[in-house]
Amino acid sequence: MKSDLKTRHGGRILTDALVAQGVTMAFGVPGESYLPVLDGLHDVRDKLKFVICRQEGGASYMAEAYGKLTGEPGVLMVTRGPGATNGAIGVHTGFQDSTPMVVFIGQVPNEFAEREAFQEIDYRRMYGQMAKWVAQIDRVERIPEYVSRAFHTAMAGRPGPVVLALPEDTLFSEAAVADVPKHHVVRPAPSASDLSQAEKLLAQAERPFVILGGGGWNRDATQKLQKWIEAQGLPAGTSFRCQDLFDNRSPSYAGDVGIGINPKLAQRVKEADVLLVIGPRLGEMTTSAYSLLEAPVPSQTLIHVHAGAEELGRVYRPALAINSGYPQFVDALCSLSFRNPSWKEMTETARKEYLQWSEPLPMPGKLQYGQVIRWLSDKLPEDAIIAGGAGNFAGWLHRHFRYKGFRTQLGSTNGSMGYGYPAAVAAKLAAPGRTVLGLCGDGDFLMNGQEIATAVQYGAAFVALVVNNGMYGTIRMHQEREYPGRISGTELKNPDFAAYARAFGGHGETVEKTEDFAPAYERAAASGKPALIELRIDPDAITPSTTLTAVREKALKSGR
Ligand SMILES: Cc1ncc(C[n+]2csc(CCOP(=O)(O)OP(=O)(O)O)c2C)c(N)n1
Ligand SMILES: [Mg+2]
C-alpha cells in the first residue's frame with residue numbers, strides 16, 4: 001500500500017495537509033527556518049494563497065480576523081524566535097476571542113535543540129498559556145497526524161489557536177505518507193434534561209435577559225435565534241464586540257453588554273431574575289469588571305450555555321450549566337415557546353433605552369465623529385464588514401453603529417491595539433465582494449500601518465478611517481481621572497496620514513469638518529485603491545459623552 005505513495009519532503013507534506021484541511025489562504029512572513037514549506041507553497045499556489053505581510057504582528061492579526069470571519073481556522077506562518085515573538089499578539093487575541101487558528105513556526109533542527117541555538121525558543125513554554133495546544137513535529141512521517149489534530153483542536157468546543165513548531169530536519173526529511181481528510185467539527189448538543197430545566201427556569205422568569213457572544217456561531221443559528229427571541233418578546237444584548245450576532249434593528253435588541261455600557265442596560269442585567277447567556281465566557285469586559293454578575297454565585301438565575309465544558313463554572317457557578325455548541329442549542333431552544341405577555345413591555349422599554357443611548361450627542365469641534373459613524377451605519381451595505389482597533393475612538397463605533405448581520409464586525413475582545421487595519425486587509429482578501437471599513441485610532445493605526453503595503457500588493461481596496469486626536473487618548477482619560485493635569489507618556493506627534501497612504505500607492509484624504517466626510521468617503525471608496533481618511537477630531541472629545549476637561553474637573557473636585 002505504502003509503495004503507491006509518492007515520497008515528499010516535509011514542507012510539501014505540510015502544504016498538502018493544509019490543502020486537505022480546506023485551507024485556501026494563509027498569512028505570514030517568510031524565514032529561512034521553513035524553506036521547505038515555502039517550496040511546498042509554490043507547488044500548491046493555485047489552491048492556497050500565501051499572503052505575505054510586513055510584520056508578523058500584522059500577519060497574526062490577519063490570520064485571526066480570517067478565522068473570526070470565516071469560522072475556519074486562520075493559518076499563520078512565521079519564522080523562529082523573532083517571527084514567533086512578533087506574531088504572539090494575534091495568538092493572544094485569538095485565544096481570548098475563541099477564534100480558531102493554526103500557527104506554524106520554524107524551529108532549529110533537533111540536533112541543536114536546547115543549546116539556545118540561533119533564534120531558538122521552546123514554543124511549548126512560550127505559547128503554553130496562549131494556545132489550546134502547542135506541539136513540535138519531530139518526525140516527518142507524522143506531519144499529517146499533527147496537522148489533523150491541530151485543526152480538530154482549533155475547532156473543537158471553545159475554538160482557539162493551536163501552535164505547531166517545525167524543526168528544520170523534519171521539514172527537509174522525506175517520507176511516503178498519506179494525507180488525512182478534512183477535520184470534523186466536534187460540538188456537543190444539549191440533553192433533553194438540559195432543555196426541560198431551561199424551560200422551567202424561563203417559564204418562571206419575570207425579568208429575563210438574553211446575552212449572546214463568543215466564537216462558534218453561524219449565520220443560520222443567529223437568524224433562527226433572533227426570530228425565536230422576537231417571537232417570545234424577550235430582550236437581548238450582545239457581549240463585548242459581538243454586536244453582529246443580532247440585528248441591531250430588531251425590536252428585541254437592547255444594546256451591547258461591553259465597555260462603556262448604557263447604565264440603564266447595566267441596571268437591567270443586574271436586576272434580571274433569569275439570565276440566559278449563550279456563548280460569552282462572561283469575562284471582565286462583558287460583566288463590567290465582574291460587577292453585573294457577582295462572582296462566584298450570581299444573584300440572577302444564570303443559565304450558561306457554552307461550547308467549552310471547561311468554561312462552565314470557571315468564574316460563575318450557574319444555576320444551569322449547558323455544554324453545547326450554539327447552533328445545536330438554538331435548534332433545541334426553538335422547540336420551546338413562552339410568549340409571556342409581561343415580557344413585551346419590558347422589551348419595549350429596553351429597546352427605547354437602546355435607541356436613546358445610541359443617538360449621537362454633540363461633541364466639541366467641527367468634526368462630529370458620532371454623526372460620521374451614524375452616516376456610515378445608514379449608508380454602508382448591510383453586509384459591510386467593520387474592522388475596528390482598540391482605543392476610545394472605538395467607543396463611538398460601539399455606541400452609534402447598527403450592525404445588521406452575522407460577521408459584519410471584526411474586533412479584538414482583548415482590547416489589543418493595531419487590530420483594525422490588518423483585520424480589514426484580511427476581510428477584504430477573504431470576502432472581496434463585500435465592502436470593508438477599517439476603523440483605527442492614531443495610536444492604534446501606527447501599530448500596524450505598514451500593512452498598507454500588503455493591501456496595495458494584493459489589491460485590497462477598502463477605506464480605513466484614522467481617528468486622530470494626537471494622543472493615546474484612552475490612557476490620557478484614565479490619567480486625568482486618577483492624576484488630573486499630570487500628562488505623562490500619552491502625547492503623540494503624528495505624520496500626515498493621508499500622505500502616508502499615498503506614499504504606499506494608496507488614496508489619502510484628510511477631513512476636519514462633518515460636512516466634508518461624505519464626499520471624502522465617496523472619493524475614497526471610488527478610488528479603487530486601499531484608501532485612508534484621517535479624521536481630525538477635537539482632542540477634548542474623549543468619549544461619545546464626555547470631555548477630557550470634564551474628566552479632569554470631576555477628578556479635581558473629588559480631591560484627586
Ligand atoms: C497592543 C496594545 N498596547 C497598548 C495598549 C494600551 N492602550 C489601550 S488604548 C491605548 C491608546 C489608544 O490610542 P489611540 O489609538 O490613539 O486611540 P484613542 O484612545 O486616542 O482614541 C493604549 C496605549 C493596548 N490595549 N494594546
Ligand atoms: Mg488617539
Side-chain angles (χ1 to χ4, degrees), residues 55-62 64-65 85-97 130 240-241 258-260 283-285 289 363-365 367-370 372-373 386-401 411-424 438-451 464-482 487-497 500 510-512 532-549 551-552:
Q55 217 265 22
E56 291 86 351
S60 67
Y61 275 146
M62 287 189 211
E64 198 278 345
T85 44
N86 267 347
I89 196 162
V91 181
H92 166 52
T93 304
F95 193 79
Q96 290 229 319
D97 277 51
M130 271 188 269
F240 182 50
R241 294 190 170 146
I259 289 182
E284 185 181 344
M285 295 297 114
M363 60 182 242
L367 179 51
Q368 296 296 304
Y369 172 40
V372 167
I373 296 293
I386 319 300
N392 270 23
F393 66 92
W396 280 262
L397 178 70
H398 297 325
R399 189 156 159 182
H400 306 307
F401 194 87
S412 54
T413 65
N414 64 342
S416 195
M417 286 171 71
Y419 181 81
Y421 197 86
L439 188 75
C440 318
D442 50 337
D444 171 76
F445 172 72
L446 276 184
M447 287 206 175
N448 275 311
Q450 78 285 344
E451 300 304 338
L465 308 184
V466 176
V467 184
N468 184 2
N469 58 1
M471 60 179 147
Y472 287 127
T474 313
I475 313 307
R476 173 74 185 281
M477 175 185 73
H478 293 306
Q479 224 160 46
E480 293 286 1
R481 192 191 60 231
E482 298 294 328
I487 303 167
S488 174
T490 50
E491 291 161 297
L492 294 175
K493 185 163 169 51
N494 283 317
D496 174 344
F497 287 106
Y500 177 94
T510 310
V511 169
E512 298 186 77
L532 185 155
I533 306 176
E534 176 186 342
L535 300 179
R536 292 198 181 146
I537 65 163
D538 187 321
D540 201 32
I542 199 64
T543 75
S545 53
T546 193
T547 59
L548 269 181
T549 312
V551 174
R552 184 187 312 137

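Both ligands and their constituent atoms are indexed starting at 1 by order of listing.
Using cut-offs of 30° and 60° on the angle between ring planes, the pair Phe445 and Tyr500 is perpendicular.
Nearest to atom 15 (O) of ligand 1 among the protein's heavy atoms is Asp444 N, 2.7 Å. If you check which protein heavy atom lies closest to atom 4 (C) of ligand 1, you get Met417 SD, 3.6 Å. Distance from atom 17 (O) of ligand 1 to its nearest protein heavy atom, with residue and atom name: Phe393 CD2, 3.4 Å. Nearest to atom 20 (O) of ligand 1 among the protein's heavy atoms is Gly473 N, 2.7 Å. Of all protein heavy atoms, the one lying nearest to atom 14 (P) of ligand 1 is Gly443 N, 3.6 Å. Closest protein heavy atom to atom 19 (O) of ligand 1: Thr474 OG1, 2.6 Å. Of all protein heavy atoms, the one closest to atom 16 (O) of ligand 1 is Asp442 OD1, 2.5 Å.
Each of the atoms 18 (P), 20 (O), 21 (O) of ligand 1 lies under 4.0 Å from some heavy atom of Asn469. Each of the following atoms of ligand 1 lies closer than 4.0 Å to a heavy atom of Met447: 1 (C), 3 (N). Close approach to Asn392 involves these atoms of ligand 1, each under 4.0 Å from a residue heavy atom: 18 (P), 19 (O), 21 (O).
For the pair Glu534 and Phe497, the tightest heavy-atom approach, listed with the atom from each and the gap, is OE1-N, 3.4 Å.
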Trace of the side chain to side chain donor-acceptor pair (under 3.5 Å) decision for Tyr61 with Glu451: CA-CA 11 Å; Tyr61 275 146; Glu451 300 304 338; over 6 Å; no
Intermediate values then yes/no, side chain to side chain donor-acceptor pair (under 3.5 Å), Asn86 and Glu56: CA-CA 5 Å; Asn86 267 347; Glu56 291 86 351; 3.0 Å; yes
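At under 3.5 Å, not a single nitrogen or oxygen of Leu492, backbone or side chain, sits near a nitrogen or oxygen of ligand 1. Close N/O approach between Ile89 and ligand 1 is not found [any backbone or side-chain N/O within under 3.5 Å].
Not one N or O on the side chain of Thr93 forms a donor-acceptor pair closer than 3.5 Å with the backbone of Ser412.
Using a 4.5 Å heavy-atom threshold, the side chains of Glu64 and Asp97 count as touching. Using a 4.5 Å heavy-atom cutoff, the side chains of Asp442 and Asn469 are in contact. At least one side-chain heavy atom of Val372 sits under 4.5 Å from a side-chain heavy atom of Leu367. Within the 4.5 Å cutoff, the side chain of Arg399 has no heavy atoms near those of the Thr543 side chain.
Taking a cut-off of 2.8 Å, the protein N, O or S atoms nearer than that to the Mg ion (ligand 2) are Asp442 OD1, Asn469 OD1, Met471 O.
For Met477, the heavy-atom gap to ligand 1 stays at 4.0 angstrom or more.
Between His398 atom NE2 and Phe240 atom CZ the span is 5.0 Å, to the nearest 0.5 Å. Atom CG of residue Leu492 and atom OG1 of residue Thr490 lie 8.0 Å apart, to the nearest 0.5 angstrom.
Taking each of Gly470, Gly415, Gly441, Ala394 in turn, the one with a heavy atom nearest to atom 25 (N) of ligand 1 proves to be Gly415.
We find that Glu491 and Lys493 are not joined by a salt bridge, their nearest charged nitrogen and carboxylate oxygen being 4.0 Å or further apart.
The residue Val467 has no part lying near ligand 1, judged by heavy-atom distances below 4.0 Å.
Of the residues listed (Glu480, His478, Gln479), the one engaging Arg476 in a side chain to side chain donor-acceptor pair (under 3.5 Å) is Glu480, and it is the only one.
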